[in-house]
Amino acid sequence: MMELTLQQPFYKRLALGDWLFAALIVAVAGYSFSLYGSAMDYYEQLILGGSAIGLIALGWFWKSWRWFLPLAGAMSQLAIALYDHNLARAAESFGLKFLLSSQSSFMWMCTLFFLATAVYWAGLLSRSALLNRIGSGLTWAAAAFALSGLFTRWYESYLIAPDVGRIPVSNLYEVFILFCLITALMYLYYEAKFAARQLGAFVLLVISAAVGFILWYTFDRQAHQIQPLIPALQSWWMKIHVPANFVGYGAFSLSAMLGVAQLLARRGILAGKLPAPDIIDEMMYKAISVGFLFFTIATILGAMWAADAWGGYWSWDPKETWALIVWLNYAAWLHVRLVKGWRGEPLAWWAVIGLLVTTFAFIGVNMFLTGLHSYGSL
């Protein structure tokens, strides 16, 4: 029966829920185009169509996405309805002030990620399946607030002024939220695929570190305030380059924390409380493979954006140079695993050290170096 199912054409393996999800995405994309199509250029229309296709494919591939995306969308739509075209209502409406404005959503995201980290660790140390399920649920909730908050922030930027409106992936504050969201969703996918909820204790540590930065950046630098885009970022390229880049960053960070867990498991630390090292190794390989694919796409898109904006595909800007270093690092990692057959501790250590390289490319360049990408500085 299984072989017969696999031999069927792909479209015959789709259930009613798959087609209903596709119809929902098409309807939302069509409605969005009817409202804003006249304000979009040709490339933005292509991005809208491509995004709809990508979201449908993701929903067909990952069933949890079929309820997660509509939930986050419904939360942001409720926030938009509460605003009623008036940004001042963020301080007047109870639902916006304490729950659904972008800033409230992000604070809930931070709180829930911290709680999820604590619960995951309690579940790991006590071997409690219930606590691990609660940790997973808290992570899903945090991700929902993150995604709905980004949707709402996008709308809020247009309430400030039409020429201020932009996709919320243009500064360090917004991309840190995007990083938390993508890393959490990737982990939740692999958690379910490999039945490895115990690893949430490790992966949520890197997300909580990012959350700590978000809180500092919010309250010390007031970075949560929406600012107009600088001219260098006023391009449709940003809508595709930045998200692809952060799938890579999220995957590499996820793999590093899995590397830590694998090293502990191979040394008998937390014996009996972690999945088998080989399972962790496979999860790490899958994450790096996906991250490398998207980071490659992002690098190509970045080069094309540079040619469009500055007249050259490559300028050896510090950000570009360190992006190349990151790419070469993980290209070598995949090479020695697939071609040389490396497994175990060497690759786990490599993934952990790779996080340091990735972190410097992500934020260290912004802190210590200057160049064409200095608009992302602290």
Side-chain angles (χ1 to χ4, degrees), residues 22 24-60 65 69 72-73 76 80 102 147 150-175 177-179 181-182 226-250 290-315 317 319-320 323-324 327 371-376:
L24 174 64
I25 298 300
V26 170
V28 171
Y31 181 67
S32 300
F33 182 80
S34 69
L35 290 177
Y36 309 113
S38 60
M40 296 179 178
D41 60 26
Y42 173 75
Y43 297 105
E44 289 170 329
Q45 292 173 7
L46 284 179
I47 291 171
L48 176 63
S51 298
I53 294 172
L55 292 173
I56 291 170
L58 184 57
W60 286 355
W65 185 253
L69 180 62
S76 64
I80 291 171
S102 66
L147 183 55
L150 289 173
F151 286 154
T152 304
R153 186 177 176 88
W154 198 343
Y155 174 76
E156 290 168 350
S157 68
Y158 279 95
L159 287 183
I160 295 173
D163 59 344
V164 174
R166 77 295 192 286
I167 186 173
V169 293
S170 65
N171 56 47
L172 210 53
Y173 173 78
E174 292 167 349
V175 297
I177 293 166
L178 182 65
F179 168 80
L181 170 64
I182 289 175
I226 299 174
Q227 302 293 337
L229 276 180
I230 63 172
L233 294 178
Q234 293 175 2
S235 170
W236 58 269
W237 286 102
M238 183 179 67
K239 297 180 174 70
I240 52 178
H241 168 68
V242 175
N245 218 27
F246 277 85
V247 173
Y249 283 146
V290 173
F292 182 75
L293 171 63
F294 276 89
F295 199 79
T296 301
I297 293 171
T299 303
I300 295 170
L301 292 172
M304 295 172 69
W305 186 3
D308 187 34
W310 301 318
Y313 289 99
W314 199 265
S315 59
D317 173 77
K319 197 77 168 181
E320 295 173 352
L324 178 60
W327 188 89
L372 294 172
H373 293 78
S374 295
Y375 44 76

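- When the ring-ring contact (aromatic ring centres under 6.0 Å, His included) test is applied to Phe292, the partners found at least two apart in sequence or on another chain are Trp327.
- Nearest heavy-atom pair across Ser157 and Gly165 is OG-CA, 3.2 Å.
- The shortest side-chain heavy-atom distance between Ile297 and Val247 does not fall under the 4.5 Å cut-off.
- For the atom pair CE (Met304) and CG (Leu301), the distance works out to 6.5 Å, reported to the nearest 0.5 Å.
- Ring orientation note: the planes of His241 and Trp305 are nearly perpendicular, at an angle over 60° on the 30°/60° scale.
- Between the side chain of Glu320 and the backbone N or O of Ser315 there is at least one donor-acceptor pair closer than 3.5 Å.
- The environment of Tyr173 atom OH is dense: over 12 non-hydrogen atoms of other residues, nucleotides or ligands sit within 6.0 angstrom.
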Leu69 and Ile25: CA distance, side-chain angles, deciding distance, side chain to side chain contact (heavy atoms under 4.5 Å, CB included) verdict: CA-CA 10 Å; Leu69 180 62; Ile25 298 300; 3.7 Å; yes
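- Interatomic distance, CD1 of Ile177 versus CG of Leu150, reported as 6.0 Å (0.5 Å rounding).
- Here the closest non-hydrogen pair linking Phe295 and Asn245 is CE1-OD1, 3.4 Å.
- How far CD1 of Ile226 is from CD of Glu156: 5.0 Å, rounded to the nearest 0.5 Å.
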Identify every side-chain donor-acceptor pair in residues 227-234 under 3.5 Å, counting partners at least two apart or on other chains, and give the distances.
{"from": "Gln234", "atom 1": "NE2", "to": "Leu229", "atom 2": "O", "distance (Å)": "3.0"}

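- Heavy atoms only, all atoms of each residue included: Leu147 and Ala72 are closest at CD2-CB, 3.7 Å.
- Looking only at atom types and distance, the side chain of Asp308 has a donor-acceptor partner in the side chain of Trp237 under 3.5 Å away.
- Using a 4.5 Å heavy-atom threshold, the side chains of Ile167 and Trp236 count as separate.
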ring-ring contact (aromatic ring centres under 6.0 Å, His included) between Tyr155 and Tyr158, worked out: CA-CA 5 Å; Tyr155 174 76; Tyr158 279 95; 8.4 Å; no
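- Contact record, Val169 with Val242: O-CG1, 3.6 Å, taken as the closest heavy-atom pair.
- To the nearest 0.5 Å, the span separating CD1 on Ile56 from CG on Leu24 amounts to 9.0 Å.
- Atom-to-atom distance recorded for Ile240:CD1 and Glu44:CD is 11.0 Å, nearest 0.5 angstrom.
- Using a 4.5 Å heavy-atom threshold, the side chains of Leu48 and Tyr36 count as separate.
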Stepwise side-chain hydrogen bond (donor to acceptor under 3.5 Å, both in side chains) check, Glu174 with Ser170: CA-CA 7 Å; Glu174 292 167 349; Ser170 65; 3.2 Å; yes
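- If you take CD1 on Ile80 and CZ on Phe151, they are separated by 9.5 Å, rounding to the nearest 0.5 Å.
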